[in-house]
Amino acid sequence: MTSQKSFKSRVRARMVKTGESYTTARRHLLARADRPDAGGTPTPTPPPTVTTQTPPPTAAATQTDRIADALLRERTGRDWAQWFDLLDDWGGTAHTHTEIARWLVTVHDVPGWWAQTVTVGYEQARGLRAPGQRRGGDYTAGGSRTIAVPVDRLFAAFADGSLRARWLPDVEVRLRTATPPRTFRADWAGGPTRIVAGFEAVGETRSRVAVQHEKVTDAEQAAELKAYWRDRLAALKRLLEADGDDR
C-alpha cells in the first residue's frame with residue numbers, strides 16, 4: 001500500500017511538471033522503471049516536490065455553490081434562478097460562451113466579471129460544462145493571492161526569470177505575451193498547457209494576482225494544479241513580503 005501511494009505521488013508530481021494527463025505520466029514512469037541503468041537496477045525517479053502532501057482530488061464546486069443568491073442579486077440585480085429563466089427564454093443553450101457574456105453586458109448592463117460568472121454558472125447548470133471545465137472540453141485550474149507589494153513588483157515576480165525561479169523553481173515557462181503590469185501569458189513546461197496571470201493594484205502598496213492554468217486535459221489534473229498553485233502563490237507571498245528567498 002505504501003509503495004502504491006508513493007508511485008501515485010510520483011505520477012502526480014510529473015503531471016504538475018510536464019502538463020501530462022495521469023495516464024500519460026503513469027506510462028512514462030512505468031517505462032522508466034522497466035529500463036535498467038548500468039548497475040542493473042531501475043532508474044530512480046526524482047522525489048516529488050509540491051504534490052507529496054496534496055490531498056486527493058475532490059469534486060469542484062459549481063458557481064451556484066460558490067456564490068450565494070443574495071450576493072449575486074446585489075451585484076447583478078437577479079438571483080441564479082432568475083438569470084437561468086431569463087437565459088432559457090433567450091435561448092442561451094444555443095449560444096457560445098462569448099455570446100452569452102456579451103448579451104449580459106450589452107443588454108442587461110451586467111459588469112464584465114459578473115457576466116462571466118453568470119455565464120459559467122448557467123453553462124454548468126445546463127450541462128454544457130462540468131465545474132472547472134471549459135465549453136471546449138478542456139479544464140482550467142489556478143488561484144489568486146493579495147500580496148503586500150506594489151503591482152509592478154508583483155508583475156516582475158512573473159516576468160523576471162531569475163526572480164520567478166525563486167518561488168516557481170524547476171519549471172520551464174516560455175513567455176507568449178505580456179502587458180506590464182496587467183497580464184502575463186506563457187506556455188507551461190513546453191506545452192500543451194499554458195498560464196494566464198492577471199494583476200490588479202489594491203492601493204499603492206498592495207496588489208492581487210489571479211492565475212489561470214489553461215488547456216488541462218482532465219479533472220484530476222486540474223485538481224492537482226489547483227493545489228499546486230495554492231502552494232506556489234503562498235510561497236510567492238512569503239518571498240515578496242519578506243523581500244528574500246523563502247526556499
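What's counted below: heavy atoms across the whole structure, side chains too, no hydrogens, waters or symmetry copies. We count residues from 1, following the sequence as given.
- The structure places CG of Leu87 at 9.5 Å from CZ of Arg78, a figure rounded to the nearest 0.5 Å.
- No side-chain heavy atom of Phe155 sits less than 4.5 Å from a side-chain heavy atom of Thr183.
- Residue Leu233 holds its CG atom at 7.0 Å from CD1 of Ile147, rounded to the nearest 0.5 Å.
- For Arg194 and Trp188, the positive end is not near the middle of the six-membered ring at less than 6.0 Å and at most 45° from its axis.
- Residues Trp167 and Ala157 come closest through the heavy atom pair NE1-O, 2.9 Å.
- In this structure, CD1 in Ile67 is found 9.5 Å from OG1 in Thr76, a value given to the nearest 0.5 Å.
- You'll find the side chain of Ile100 stays beyond 4.5 Å of the side chain of His97, heavy atoms only.
- Pairing each heavy atom of Ala141 with each of Ala222, the nearest pair is CB-O, 3.3 Å.
- Closest heavy-atom contact between Gln82 and Gly77: OE1-O, 4.4 Å.
- Closest approach of Val118 to Trp80, counting heavy atoms only: CA-CZ3, 3.9 Å.
- Using a 30° and 60° split on the angle between ring planes, Trp103 and His108 fall in the perpendicular class, above 60°.
- For Tyr122 against Asp88, the heavy-atom pair with the smallest separation is OH-OD1, 2.7 Å.
- With hydrogens and angles ignored, the 3.5 Å screen pairs a side-chain donor or acceptor of Gln124 with a backbone N or O of Gln63.
- Using a 4.5 Å cut-off on side-chain heavy atoms (C-beta onward), Val171 and Tyr228 make contact.
- A heavy-atom distance below 4.5 Å is found between the side chains of His213 and Thr193.
- For the atom pair Arg73 CZ and Asp69 CG, the distance stands at 6.0 Å (nearest 0.5 Å).
- Looking at Ser207, its side chain does come within 3.5 Å of a backbone N or O of Val149 through a donor-acceptor pair.
- Rounded to the nearest 0.5 Å, atoms CD1 (Ile195) and CD (Glu214) are 10.0 Å apart.
- Put simply, the side chain of Leu163 does not reach to within 4.5 Å of the side chain of Phe158, judged on heavy atoms.
- A distance of 13.5 Å separates CZ in Arg164 from CZ in Arg232, rounded to the nearest 0.5 Å.
- Gly112 approaches Val105 most closely through the heavy-atom pair CA-CG2, 4.3 Å.
- The backbone N or O of Gly143 lies less than 3.5 Å from no partner atom in the side chain of Lys226, so there is not a single donor-acceptor pair.
- Cluster membership check: Val151 does not share its hydrophobic cluster with Val202, using side-chain heavy-atom separations under 4.5 Å among Ile, Leu, Val, Met, Phe, Trp and Tyr.
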